[in-house]
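Notes follow once the structure below has been shown.
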Number of protein chains: 2
Amino acid sequence: MSLSNFFLKSDELVVRKMSSALKTLQLLSHFSATSPEIGLSALCRLAKRDKATTHRHLQALEEVGFVEQNPLTRQYRLGPALLQLAQTREMTVPRKEIALPILKRLADQTGETTHASILSGTTVFALASCESTQHSTRVVIDLDRFPLHATASGLSTLAFGPDELMAVAAKNLEAFTDHTINSVESLEEMVQSVRETGFGRTIRSFEHEVSSLAAPVFDETGNLAGAVSVACVATRFSPDLERNCQEHLITASRDLTRGWGGTTPQRIEAIWAATLSKSHELETKS
Amino acid sequence: MSLSNFFLKSDELVVRKMSSALKTLQLLSHFSATSPEIGLSALCRLAKRDKATTHRHLQALEEVGFVEQNPLTRQYRLGPALLQLAQTREMTVPRKEIALPILKRLADQTGETTHASILSGTTVFALASCESTQHSTRVVIDLDRFPLHATASGLSTLAFGPDELMAVAAKNLEAFTDHTINSVESLEEMVQSVRETGFGRTIRSFEHEVSSLAAPVFDETGNLAGAVSVACVATRFSPDLERNCQEHLITASRDLTRGWGGTTPQRIEAIWAATLSKSHELETKS
DNA sequence: ACCAATGGTTCACAATATGAACCGATAAGC
DNA sequence: GCTTATCGGTTCATATTGTGAACCATTGGT
């Protein structure tokens with residue numbers, strides 16, 4: 001969504017043509033839980049587009065009910081037609097319903113907050129989450145999008161998703177904490193280690209008090225579909241807990257992949273097995 | 001959505017120009033619970049559009065995650081980005097959450113199945129429904145769109161919604177049963193009576209065994225926002241039950257209107273009061 | 001009364017959308 | 001095993017459509 005309109009190709013600058021339909025639809029991505037209503041001018045600034053054009057686009061969106069105008073403030077907000085379509089989508093592919101019981105179980109097993117996310121285009125969207133009731137302190141993250149470079153889910157997605165994502169991630173290395181990855185080099189290093197272990201892993205890199213572990217989820221083609229993650233209160237994140245999370249993340253990922261119509265690729269299973277046996281070795285030694 | 005591209009204006013035929021964004025978005029309206037996956041050629045036929053164009057439109061939709069291709073069948077279906085946007089919409093305007101308890105109460109009070117619907121553009125779509133557990137026979141209608149001419153909710157919408165709807169309704173007088181309204185004249189007559197009573201009313205006009213009563217719901221501008229309805233098993237639909245439904249529909253509509261940020265217009269309240277006192281008169285006479 | 005926002009509109013110009021014809025693959029008919 | 005009919009997808013000359021600087025009308029602050 002936030003891809004630039006330009007890209008470099010064998011030393012020459014190429015202008016990526018965009019259908020106006022695409023430009024229109026991209027306007028929708030600026031609405032979020034934190035800014036649910038946006039005025040025309042504000043939206044122009046956000047989208048870096050002309051006022052007349054943006055207005056025409058909004059009118060098209062309004063006509064099909066994708067946005068509506070708050071008649072009092074004249075600001076725009078997402079429209080009711082989205083509910084209708086989302087309902088239909090859920091009937092077709094009820095990923096959320098499938099995810100919820102799996103997240104619940106994972107939360108019970110680990111005692112921490114669990115998340116499921118979906119890769120759509122180049123964005124990792126939050127699908128559902130579940131808080132454990134075992135501890136009085138627990139992680140409450142209300143995200144709609146998981147930053148690729150700063151979250152365990154994002155790193156899993158980078159490691160096992162389409163290669164183009166790396167370029168997108170590299171363009172936005174926002175520093176959420178002083179542990180956030182801040183260079184393309186260290187990002188690549190991190191992603192490499194995720195590929196080797198089969199788990200995305202972040203220590204206080206998105207929120208100061210949170211450490212997180214994630215596993216990739218796949219669809220019916222064997223391509224990455226999303227991720228499932230455990231967000232632990234950082235002070236609780238011991239090697240023991242990590243091992244526990246890894247084990248249960250694997251079954252959760254397997255079940256989610258199966259529920260979404262796919263099968264976990266053999267190569268991923270192999271990576272997980274290797275990681276688990278390695279951490280088992282360490283544990284028995286100590 | 002199903003508006004024609006042509007309209008008559010002071011005796012001359014004018015071609016309505018449509019932005020390609022609009023055409024693109026309109027493709028989405030062909031997906032429904034009953035046909036959740038559609039192939040390229042099939043969609044061309046449904047939308048009556050060119051294959052190349054439709055394909056380009058689908059690609060734009062795919063890029064933002066509004067559709068995705070089932071990789072096995074190559075058919076298209078609604079995409080995951082819709083879930084995300086619908087979630088955001090519900091955070092902004094939680095109409096569904098607000099409607100559910102009201103529908104529950106209405107179902108308890110009437111002993112029948114209740115529905116809430118929203119007008120979006122020229123489509124009345126289902127928002128939520130609630131089944132009563134009082135009777136072993138009950139109405140289960142799994143609709144995502146309410147036909148304007150054949151349902152009580154549709155008639156309420158026609159009667160109190162924007163005038164343009166009438167033209168849309170007149171274009172599609174599909175006969176669901178032999179009680180379905182089948183001429184523009186009788187439709188106009190029906191709508192007129194809805195305007196006089198304040199209630200949409202259909203007897204076996206959509207399903208053979210169902211009679212239904214509906215009241216309009218309004219938003220913060222005083223415009224029609226949707227409808228709330230009771231779908232009764234037709235054999236149970238006595239004058240007594242009708243009166244009971246009317247009374248409780250009024251409070252349900254008031255509460256919904258208020259919950260959605262509006263106030264029930266005085267003229268509607270007046271119409272309802274008149275209808276109730278009339279039916280009360282009849283009741284005491286007999 | 002003024003200025004600086006806002007939402008919205010116009011019109012000459014330029015870019016994008018369009019669809020008939022096309023390709024390659026798969027499935028059915030015989 | 002050859003023909004035919006679909007399917008999803010692509011090409012390219014044509015013309016319809018999109019674009020944005022400049023514009024207007026309102027509103028709210030000073």
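Quick note on labels: first sequence line is chain A, next is B, and so on, each numbered from 1.
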Check the distance between C:dT18's P and B:M18's CE and give it to me in whole angstrom.
9 Å
Pairwise 5' ranking along DNA chain C for A:K23 and A:S41, keeping only the more 5' one:
A:S41
Taking any heavy-atom pair under 4.0 Å as a contact, classify B:R56: base, sugar-phosphate, or nothing.
base
May I have the distance from A:R49 (atom CZ) to D:dA21 (atom P), rounded to whole angstrom?
14 Å
Looking at B:H57, does any N or O in its side chain come under 4.0 Å of the phosphate oxygens OP1/OP2 on C:dA17?
no
State which of D:dG20, C:dA17, C:dG19 makes the closest approach to the side chain of A:D50.
D:dG20
I would like to know whether A:R49 and A:L27 meet side chain to side chain contact (heavy atoms under 4.5 Å, CB included); could you show each step before the answer?
CA-CA 10 Å; A:R49 275 207 279 269; A:L27 288 180; 3.6 Å; yes
More than 12 heavy atoms of other residues, nucleotides or ligands under 6.0 Å from CZ of A:R258: is that the case?
no
Provide, to the nearest angstrom, the distance between the CD atom belonging to A:Q69 and the C1' atom belonging to C:dG7.
8 Å
Grab the CG-C1' distance between B:L43 and D:dC7 for me, whole Å please.
14 Å
Check the pair B:F66, B:T24 against side chain to side chain contact (heavy atoms under 4.5 Å, CB included), reporting the backbone distance first and the verdict last.
CA-CA 11 Å; B:F66 276 34; B:T24 302; over 6 Å; no
Below the 4.0 Å mark, does C:dG7 have OP1 or OP2 next to a side-chain nitrogen or oxygen of A:H55?
no
When the distance from CG of B:L58 to P of D:dT10 is rounded to whole Å, what number comes out?
12 Å
Would you mind reading off the distance between B:L22 atom CG and C:dA17 atom P, rounded to a whole angstrom?
14 Å
Given D:dC7, is OP1 or OP2 found less than 4.0 Å from the side-chain N or O atoms of B:R45?
yes
Side chain to side chain donor-acceptor pair (under 3.5 Å) evaluation trace for A:S153 with A:T151
CA-CA 5 Å; A:S153 299; A:T151 61; 5.1 Å; no
Looking at C:dT6, I'd like to know if its phosphate oxygens (OP1 or OP2) sit under 4.0 Å from a side-chain N or O belonging to A:Y76.
no
For the side chain of A:R74, counting heavy atoms from C-beta on, which of D:dG18, C:dG7, C:dA17 is nearest?
C:dG7
Among C:dT9, D:dG8, C:dG8, which is the nearest nucleotide to the side chain of A:A52?
C:dT9
For atom CD of B:Q59 and atom P of D:dG8, their distance in whole Å
13 Å
Under 4.0 Å between any heavy atoms, over every strand shown, what does B:Q75 touch: base, sugar-phosphate, or nothing? Just pick one.
nothing
Side chain B:K51 and base D:dG9 donor-acceptor under 3.5 Å:
yes
Please tell me if A:T53 has a side-chain N or O lying less than 4.0 Å from either OP1 or OP2 of D:dG20.
yes
